[in-house]
Amino acid sequence: MRRWLAVKLVVLGGLVALGGLAMSAMVSVWRPRFRTDTFGNVGIFNMLGVEPAAWWLFAFMLGTAAGAVLRRTLAAMAVVVGVLAVMTFGLFTLSDHYATPSRVVTADQTTVTSQDVRLVEHAWLDPAGREIAETPPGACPRGVDAGRNDSARTAYEECLIGKGYRHVVYFHGHDRFWRFQLIDAAILLAGAAGLGLVTVRAVRRAS
C-alpha cells in the first residue's frame, strides 16, 4: 500500500510539474510582446523558469496531504489556500536575503528603478556622507501632498539634490534571476517532499 501510494504521488506529481513547465514555456513565448519585467515583477517571475513547476508540485502535495490528514474536502481546500498565501508572501520576503543587495548612490533613482531589478530598500545620503532613512525636517519645503503628487515630489527631491543629498538604492539585479529561481524551487521541492511523506504516513495509519 505504501509503495503503491508513493508511486502514484511520484507519477502524478511529475505530471503536475510538467504542466507547470509547459505554462512557463507559454508565458516565456508571449511575455516579450508585453515588455513586462521578468525579475522586478514578482507575479511574472513566478510564472517563468522553474517556478511554476515547483509551485504546482508544492500545491499538489499540499492538497494531497491536507486531504489525507483532515479527510474533509472544504477544510483541506481552506488549508491549501491559506498555506499558499503564507508561502507566497514568505518567499517574497525571504528572497531579499538570498544574496547581498547591490548598493547605488545616485542623484536620479530612476536610473535604477527603471530597470528590471528587485528593489530592497531606499535611503538618503546627506551632504556629510551619512546614510539616513529620512531627510531631516525642514531640509527643503515639502507640501502636504508631496508623497502623492508627482510634481510636488519631484520639486522636493530636486531641492534635496541641489543641497547635496543623494538617493541610496539597494536592489537585486536581473543577473540574479536564476539564483533566485533555483533557491525558491529548492525550498518548494523540499516542502513538497515533506508533504509527500505526511501523505503516505497518514494513509498508512488510516488503512
Side-chain angles (χ1 to χ4, degrees), residues 24 27-28 31-52 54-55 58-59 81-191:
S24 171
V27 173
S28 297
R31 185 204 56 77
R33 296 178 179 268
F34 301 97
R35 297 181 180 178
T36 305
D37 291 346
T38 58
F39 189 50
N41 187 322
V42 178
I44 299 299
F45 177 80
N46 287 339
M47 293 190 291
L48 294 172
V50 296
E51 287 271 331
W55 273 110
F58 178 80
V81 171
V83 172
L84 288 180
V86 171
M87 283 293 295
T88 301
F89 178 77
L91 282 186
F92 172 70
T93 303
L94 184 64
S95 65
D96 285 347
H97 305 285
Y98 289 171
T100 302
S102 300
R103 179 181 184 268
V104 168
V105 177
T106 177
D108 183 8
Q109 65 174 333
T110 59
T111 58
V112 176
T113 58
S114 62
Q115 302 176 43
D116 185 13
V117 300
R118 189 171 296 189
L119 298 178
V120 177
E121 186 180 359
H122 171 269
W124 287 95
L125 200 70
D126 70 10
R130 295 170 300 190
E131 187 172 314
I132 55 177
E134 296 288 343
T135 54
C140 279
R142 182 172 187 175
V144 293
D145 60 345
R148 298 186 297 259
N149 186 285
D150 289 341
S151 60
R153 181 172 63 251
T154 299
Y156 174 70
E157 291 187 355
E158 286 178 349
C159 174
L160 291 172
I161 297 300
K163 291 189 175 183
Y165 288 87
R166 292 293 182 268
H167 294 283
V168 181
V169 184
Y170 292 90
F171 67 96
H172 294 294
H174 187 270
D175 59 316
R176 296 173 180 174
F177 177 90
W178 281 109
R179 177 189 294 189
F180 280 48
Q181 282 263 325
L182 295 175
I183 293 175
D184 275 356
I187 293 172
L188 291 168
L189 291 177

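- Looking at Asp184 and Tyr98, their side chains come closer than 4.5 Å, going by heavy atoms from C-beta outward.
- Judged purely by distance below 3.5 Å, without hydrogens or angles, the side chains of Arg118 and Ser95 pair a donor atom with an acceptor atom.
- A distance-only check finds no donor-acceptor pair linking the side chain of Glu157 to the backbone of His167 [under 3.5 Å].
- Distance alone, capped at 3.5 Å, is enough to place a donor-acceptor pair between the Lys163 side chain and the Ala139 backbone.
- Between Trp55 and Thr88 the shortest side-chain heavy-atom distance falls below 4.5 Å.
- A donor-acceptor contact shorter than 3.5 Å is absent between the side chain of Asp37 and the backbone of Phe39.
- Considering all non-hydrogen atoms of both residues, Gln181 and Gly49 come closest at OE1-CA, 3.3 Å.
- With hydrogens and angles disregarded, no donor-acceptor distance shorter than 3.5 Å links the side chain of Glu121 to the backbone of Ala133.
- Side chains of Leu188 and Met87 form a contact here, defined as non-hydrogen atoms less than 4.5 Å apart.
- Side-chain contact between Phe171 and Gln115: absent, with no pair of heavy atoms (C-beta onward) separated by less than 4.5 Å.
- For Asp96 (side chain) and Val120 (main-chain N/O), no donor-acceptor pair under 3.5 Å exists by modelled atom type.
- In this structure, the side chains of Val117 and Val169 stay at 4.5 Å or more apart for every pair of heavy atoms.
- At a threshold of 4.5 Å between non-hydrogen side-chain atoms, the residues Leu125 and Tyr165 do not count as touching.
- Closest heavy-atom contact between Ile161 and Ala107: CD1-O, 3.5 Å.
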